[in-house]
There are 2 protein chains.
Amino acid sequence: MVTTSREHDVIQQVLTIFSAHLEKKGFRKTPERYAILEEIYKRSDHFDAEALYIHMKNRNYRVSRATVYNTLELLVTCELVKKHQFGKNLAQYEKSYGYKQHDHIICTNCGQVVEFCHHGVQQIKDLVGDYYDFQISHHALNLYGVCGPCRKELELGIVRKHPKVTEEESGWGE
Amino acid sequence: MVTTSREHDVIQQVLTIFSAHLEKKGFRKTPERYAILEEIYKRSDHFDAEALYIHMKNRNYRVSRATVYNTLELLVTCELVKKHQFGKNLAQYEKSYGYKQHDHIICTNCGQVVEFCHHGVQQIKDLVGDYYDFQISHHALNLYGVCGPCRKELELGIVRKHPKVTEEESGWGE
DNA sequence: CTTGGTGCAAACAATTTGCAAGCGC
DNA sequence: GCGCTTGCAAATTGTTTGCACCAAG
């Protein structure tokens with residue numbers, strides 16, 4: 001996969017935003033932090049901390065898990081990355097800059113995650129937040145179900161025990 | 001707290017349902033399984049596996065954590081209990097029989113969980129499931145924000161580090 | 001130079017698993 | 001009695017922490 005110029009623009013923008021955030025908060029600008037942010041934005045979709053760690057290792061970056069977790073948290077607080085819990089005890093992350101706010105459908109069989117947008121969610125947030133006197137900052141709407149291909153698999157009696165996608169399969173390898 | 005006759009009815013119903021489910025699946029009807037289901041339905045609201053385990057211990061029931069987890073999973077599959085992940089790496093459960101389907105608002109400061117209903121969610125499920133060819137079985141809509149009382153606390157500069165509620169505080173004690 | 005950030009490994013917390021003993025069928 | 005379930009403890013998994021060293025400001 002080649003980095004397109006459009007991607008390059010986005011990466012420059014998020015690096016600038018991150019830099020400003022670090023400065024404002026008085027945090028140091030370390031190469032590790034920028035490297036992690038860059039790798040996240042070079043790739044797409046949903047990943048977990050371990051996959052990112054392995055990916056950095058494969059790229060011959062010297063980063064520790066601790067730094068990955070630390071940086072992910074920083075990126076979440078400055079809203080460049082979103083953190084999700086899709087029902088498993090495994091936090092999933094995704095880049096969020098320049099993305100329209102969206103929600104997720106998760107296939108309970110294969111673990112596939114599909115994004116969707118629906119304006120109705122915002123209405124519910126406003127109405128309900130107002131009614132219960134909560135200042136809503138964010139939300140998560142996850143729909144769980146079985147995708148088309150998996151329904152066929154299941155009809156044939158094929159059952160997957162561990163709907164886990166490995167690094168290679170998820171497109172994070174070289 | 002005294003067990004009301006209405007509660008008693010519900011408990012009888014869920015025990016019957018659970019019994020039928022165990023039978024259908026060829027699982028054994030052990031006293032532990034019934035005891036756990038009963039304790040869940042005697043109490044209300046959201047709890048985690050450890051709190052339930054401690055609660056059973058306090059009640060002088062001999063159950064192991066393994067059995068608690070095992071039984072919770074059984075109860076989730078037969079839809080007598082719902083499992084949630086409210087952003088922490090800690091599964092929360094709630095009884096679900098006889099409850100209208102609902103969603104949650106979570107206070108990010110104190111951890112309070114409020115339930116709400118909104119018909120709009122069903123529309124979204126139908127529409128989106130149809131569009132992406134997913135057979136949606138369930139969903140989770142969580143709104144995160146700060147509740148009224150906590151907004152006042154925060155204005156005064158009071159910050160809570162660990163919005164965790166203990167067994168006693170959550171009303172599971174004796 | 002000061003001190004926050006890092007890598008590493010050990011610590012933790014939630015959950016799962018292996019195994020011998022027990023009890024439902 | 002057979003073998004699923006249990007209790008217990010040890011193992012796993014995901015994440016956090018302690019500490020000595022390094023490098024950003």
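Numbered from 1 within each chain, the chains take letters A, B, ... in sequence-line order.
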Whole-Å distance separating the [atom1] atom of [X] from the [atom2] atom of [N]:
X: B:Gln92; N: C:dT15; atom1: CD; atom2: C1'; result: 15 Å
X: A:Lys88; N: C:dT16; atom1: NZ; atom2: P; result: 10 Å
X: B:Leu22; N: C:dC25; atom1: CG; atom2: C1'; result: 13 Å
X: A:Glu50; N: D:dT12; atom1: CD; atom2: P; result: 15 Å

Consider only side-chain N and O atoms of [X] and [Y], and report whether a donor and an acceptor are under 3.5 Å apart.
X: A:Glu94; Y: A:His102; result: yes
X: B:Asp9; Y: B:Gln13; result: no
X: A:Gln85; Y: A:Asn142; result: no

Sorted by number, the residues of residues 70-86 of chain A with heavy-atom contact under 4.0 Å to DNA chain C: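 Those residues are A:Asn70.
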Residues touching DNA chain C, which here means a heavy atom under 4.0 Å, drawn from residues 23-36 of chain A: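 Correct list: A:Phe27, A:Arg28, A:Thr30, A:Glu32, A:Arg33.
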Salt-bridge criterion met for A:Glu73 and A:Lys83 (N-O under 4.0 Å):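 Salt bridge flag = no for A:Lys83 with A:Glu73.
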Short N-O contact, B:Glu32 and B:Arg62, less than 4.0 angstrom: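 No.
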Listed nucleotide nearest any side-chain atom of [X], set [options]:
X: A:Arg65; options: C:dC8, D:dC8, D:dT15; value: D:dT15
X: A:Thr67; options: C:dT15, C:dG7, D:dC8; value: C:dG7
X: A:Tyr69; options: C:dT6, D:dT16, D:dC8; value: D:dT16
X: A:Leu90; options: C:dC8, D:dG14, D:dT6; value: D:dG14

5' precedence on DNA chain D between A:Tyr93 and B:Val63 (nearest-nucleotide basis):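 By nearest-heavy-atom nucleotide position, the 5'-most residue is B:Val63.
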Within 6.0 Å of CD in A:Glu115, more than 12 heavy atoms from elsewhere: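 Counting other residues, nucleotides and ligands, CD of A:Glu115 exceeds 12 neighbours.
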CD/B:Gln101: more than 12 non-hydrogen atoms of other groups inside 6.0 Å: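 Yes - once you tally the heavy atoms of other residues, nucleotides and ligands closer than 6.0 Å, there are more than 12.
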Passing option when B:His46 is tested against B:Lys82, B:His104, B:Gln92 for side-chain hydrogen bond (donor to acceptor under 3.5 Å, both in side chains):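 That would be B:His104.
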Residue-phosphate contact under 4.0 Å: A:Asn89 side-chain N/O, C:dT15 OP1/OP2: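 Yes.
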Side-chain donor or acceptor of B:Tyr93 paired with backbone N/O of B:Ile40 under 3.5 Å: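 No, B:Tyr93 side chain to B:Ile40 backbone: no donor-acceptor pair under 3.5 Å.
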